Amino acid sequence: MLNDDVALIQRILAGDENAFTSLVRKYQRQVHAFVRRKIGDFQIAEDITQETFLQVYQKLETLDDPTLFSQWLYAIANHLCIAWFRQNRLQTEPLEEVCILGIETEPYSRYVASEHAKIAAEAQRNLVEKLLTKLKESDREVITLHYFEEMTSSEIGELLGVSENTIKSRIRRARQHLKKYESIIREVLGIPIGSEDHYTKDLNGGIRMKLTFEKDNLLSSLQTLQRVISQRDPAPLLSNVLIQAEGSTIECMATDAKMGIRMKVDGTVKEAGSILVPAEKLADIVKTSPAERPIDLATTTDDHIEITCGDRVRKIVGFPDKEFPKPPIVDTAAFAIDGEVLRSVLHKTTFAAATDDVRYSLNGLYFNLLEDRTEVVASDMIQLALTHCEPLKLSQDKDGFIVPLKAIKEIERTFANASEIRISRIEDQVLFADTDTTLTTRLMDAKYPEYDKVIPKSFEGHVVVPKASLMDRTREIFTRANPKENRVCLEINPQQIRISAKASETDEIHETLAAESGTGSVRIGLNAQMLIETLSHIETASVSLAFTNAMTPIVVKPIGQEGHICVLCTMRLDS
């Protein structure tokens, strides 16, 4: 066990982020149980656990003896518990020896979700018992409408048929009565009683930032940002979203250290500021909030966050943003390309890129910056797709570059409706931006293969056929064929293409497709799924299949559209 920790720590200090996630997974549940046992509150324990691992990440290099890691880890957690008790003016107890290895193996996320549901239900019951029963019926009704339904005194008066002054008097009387129960109210739902303002100025040290969002706007942005954050349990700092408000502009940012997104979010800035917020936790809160109510987000001088929607109030712990790597802003002189053109280029090529580790440089799209055009290429060594667009004038002295496949797919989603996309390059990064969003990605540090050498320069024959008919008949043959058979046989001559595949060891199924024109004949084998996918990314009604013999690659070209070609390696057929 100790040797495991030492090995993980050595890997972490050498820059291996996956090693840190392994360390978090190993101790996360035990630390949470330890903190919860001392604090007595599941949600606060969750926040302290996150802060514990953040401090471990920041201070690990200061640990002199890695064999003492577990003691050091629990000492940090205990120190944070003591700090929480002091802040909340409670008595602390000495550090107890804990043994939490027997905790059930239920997945931690499911455990957290079920506990959150229990906490929410319990909070409502406590509020009813500890707050509303303390009031007279008339005052209880007014307080409920004012704080839970967020109605003004005038609206309540109109609803109840009494004057606005009467309602204000009842609210004042109820607040005075509840003043002595304010700590209970804050503990349960965080509803302030001493002020007409929806926020309390002295909550956790004073308000620092105050924002209001519509649920759909905030949730849509968070879902985009979460796609950027690594799904492989990223380092604690990078599992957060940075929310930054300045003037009337709100921006949210996320990064996995290789790719980042900076995006504007519609909302109202009441107090400017910035904060790091746990991305998954915030998204879960927003997702379960009532759709018809605005979401208020307030931060405090000690980095706590209060999220309010109607009568729902949640408090979570945030972090200062000073160590968060903020994505750069796109240069105002960036090259502008038509959004439809860029999306078309990506659509025609991305499908052919490698999705495994067959060769590192192939796990992305290559932008070859030529003088008269930019060629965009994708290949997995079995198929290749190439197209081009106008020359991207990004720099005078830069060669081509490889954009990682993860970033390419995010560009397609993020800028799906952008009319114009600006592109600029900063050293080993490239930036894509529209009016609201900037996506930054590190370029792949690799040399792309000489792709032009695998594209045949001459052919013995070709055939032109309707694209949709060839794709549909290939798909039909493939679905009816032996499930173990992934290839189809194409027998091509100037009049037709005969498509066939084995249904069993002895039986064959086939379809015949008339050709529009052609020269030469050949019998070749192709991967059925690759042929179907290639055809689905061609945008013209007819395609040309050019060939030399059964052993050389076949080239598929759209008829009436220059500059787009797809190359497919052939497969050996039974004689």
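Keep in mind the model is a prediction, meaning the values are calculated, not measured.
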Show every donor-acceptor pair shorter than 3.5 Å between a side-chain atom in residues 458-473 and any protein atom, with sequence neighbours excluded, or say none if there are none.
| residue | atom | partner | partner atom | Å |
| --- | --- | --- | --- | --- |
| H462 | ND1 | T519 | OG1 | 3.4 |
| K467 | NZ | I538 | O | 2.7 |
| R473 | NH1 | T512 | O | 2.4 |

Drop me the distance from [X]'s [atom1] to [Y]'s [atom2], to the nearest 0.5 angstrom.
{"X": "I307", "Y": "D296", "atom1": "CD1", "atom2": "CG", "value": "10.5 Å"}
{"X": "Q383", "Y": "C566", "atom1": "CD", "atom2": "SG", "value": "8.0 Å"}
{"X": "N368", "Y": "E375", "atom1": "CG", "atom2": "CD", "value": "5.5 Å"}
{"X": "M551", "Y": "M571", "atom1": "CE", "atom2": "CE", "value": "12.0 Å"}
{"X": "L545", "Y": "I524", "atom1": "CG", "atom2": "CD1", "value": "6.5 Å"}
{"X": "T299", "Y": "I305", "atom1": "OG1", "atom2": "CD1", "value": "7.0 Å"}

If you count the non-hydrogen atoms of other residues, nucleotides and ligands that lie under 6.0 Å from [atom1] in [X], is the total more than 12?
{"X": "E246", "atom1": "CD", "result": "no"}
{"X": "D372", "atom1": "CG", "result": "yes"}
{"X": "K457", "atom1": "NZ", "result": "yes"}
{"X": "E562", "atom1": "CD", "result": "no"}

Report, one line per pair, each donor and acceptor closer than 3.5 Å where one atom sits in a side chain of residues 255-264; sequence neighbours left out.
| residue | atom | partner | partner atom | Å |
| --- | --- | --- | --- | --- |
| T255 | OG1 | A257 | N | 3.0 |
| T255 | OG1 | M259 | O | 3.0 |
| D256 | OD1 | K258 | N | 2.9 |
| D256 | OD1 | M259 | N | 2.6 |
| D256 | OD2 | K406 | NZ | 2.9 |
| R262 | NE | P327 | O | 3.3 |
| R262 | NH1 | E251 | OE1 | 3.1 |
| R262 | NH2 | P327 | O | 2.4 |

For [Y], is there any backbone N or O sitting under 3.5 Å from a side-chain donor or acceptor partner on [X]?
{"X": "T414", "Y": "I411", "value": "no"}
{"X": "T438", "Y": "A433", "value": "no"}
{"X": "R480", "Y": "A501", "value": "no"}
{"X": "R487", "Y": "R572", "value": "yes"}

Quiz item: Can you pull the salt bridge (Lys or Arg N to Asp or Glu O under 4.0 Å) pairs that have at least one residue in residues 536-545, sequence neighbours excluded?
Solution: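 Residue pairs with at least one partner in residues 536-545: K348-E539.
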
Exercise. Tell me yes or no: between the side chains of Q55 and E51, is some donor less than 3.5 Å from an acceptor?
Key: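 Yes.
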
Self-check item: Any donor-acceptor N or O pair under 3.5 Å, side chains K409, T350
Solution: no

Quiz item: Would you call K59-E61 a salt bridge at under 4.0 Å N-O?
Solution: no

Quiz item: Do E410 and R413 meet the salt-bridge criterion of a basic N to acidic O distance under 4.0 Å?
Solution: yes

Quiz prompt | Contact list for residues 547-557, test side-chain hydrogen bond (donor to acceptor under 3.5 Å, both in side chains), sequence neighbours left out | solution =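 Checked against side-chain hydrogen bond (donor to acceptor under 3.5 Å, both in side chains) - neighbours excluded - the pairs reaching residues 547-557 are N549-T552.
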
Exercise. Keeping to residues at least two apart or across chains, list the side-chain hydrogen bond (donor to acceptor under 3.5 Å, both in side chains) pairs with something in residues 415-426.
Key: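 Output for this query is empty, none listed.
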
Is any side-chain heavy atom of [X] less than 4.5 Å from a side-chain heavy atom of [Y]?
{"X": "H32", "Y": "E46", "result": "yes"}
{"X": "K447", "Y": "S361", "result": "no"}
{"X": "K215", "Y": "C309", "result": "no"}
{"X": "I229", "Y": "L238", "result": "no"}
{"X": "D380", "Y": "M530", "result": "yes"}

Quiz item: Of I455, L384, L362, which is the lone residue that meets side-chain contact (heavy atoms from CB on, under 4.5 Å) with V377?
Solution: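 It is L384; the other options fail the test.
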
Practice problem: Determine the interplanar angle of the Y366 and Y451 rings, folded into 0 to 90°, and report it as parallel if under 30°, tilted if 30 to 60°, perpendicular if over 60°. | Solution: perpendicular

Quiz item: Pairs in or reaching into residues 524-545: which pass ring-ring contact (aromatic ring centres under 6.0 Å, His included), with residues at least two apart or in two chains?
Solution: H347-H537, F351-H537

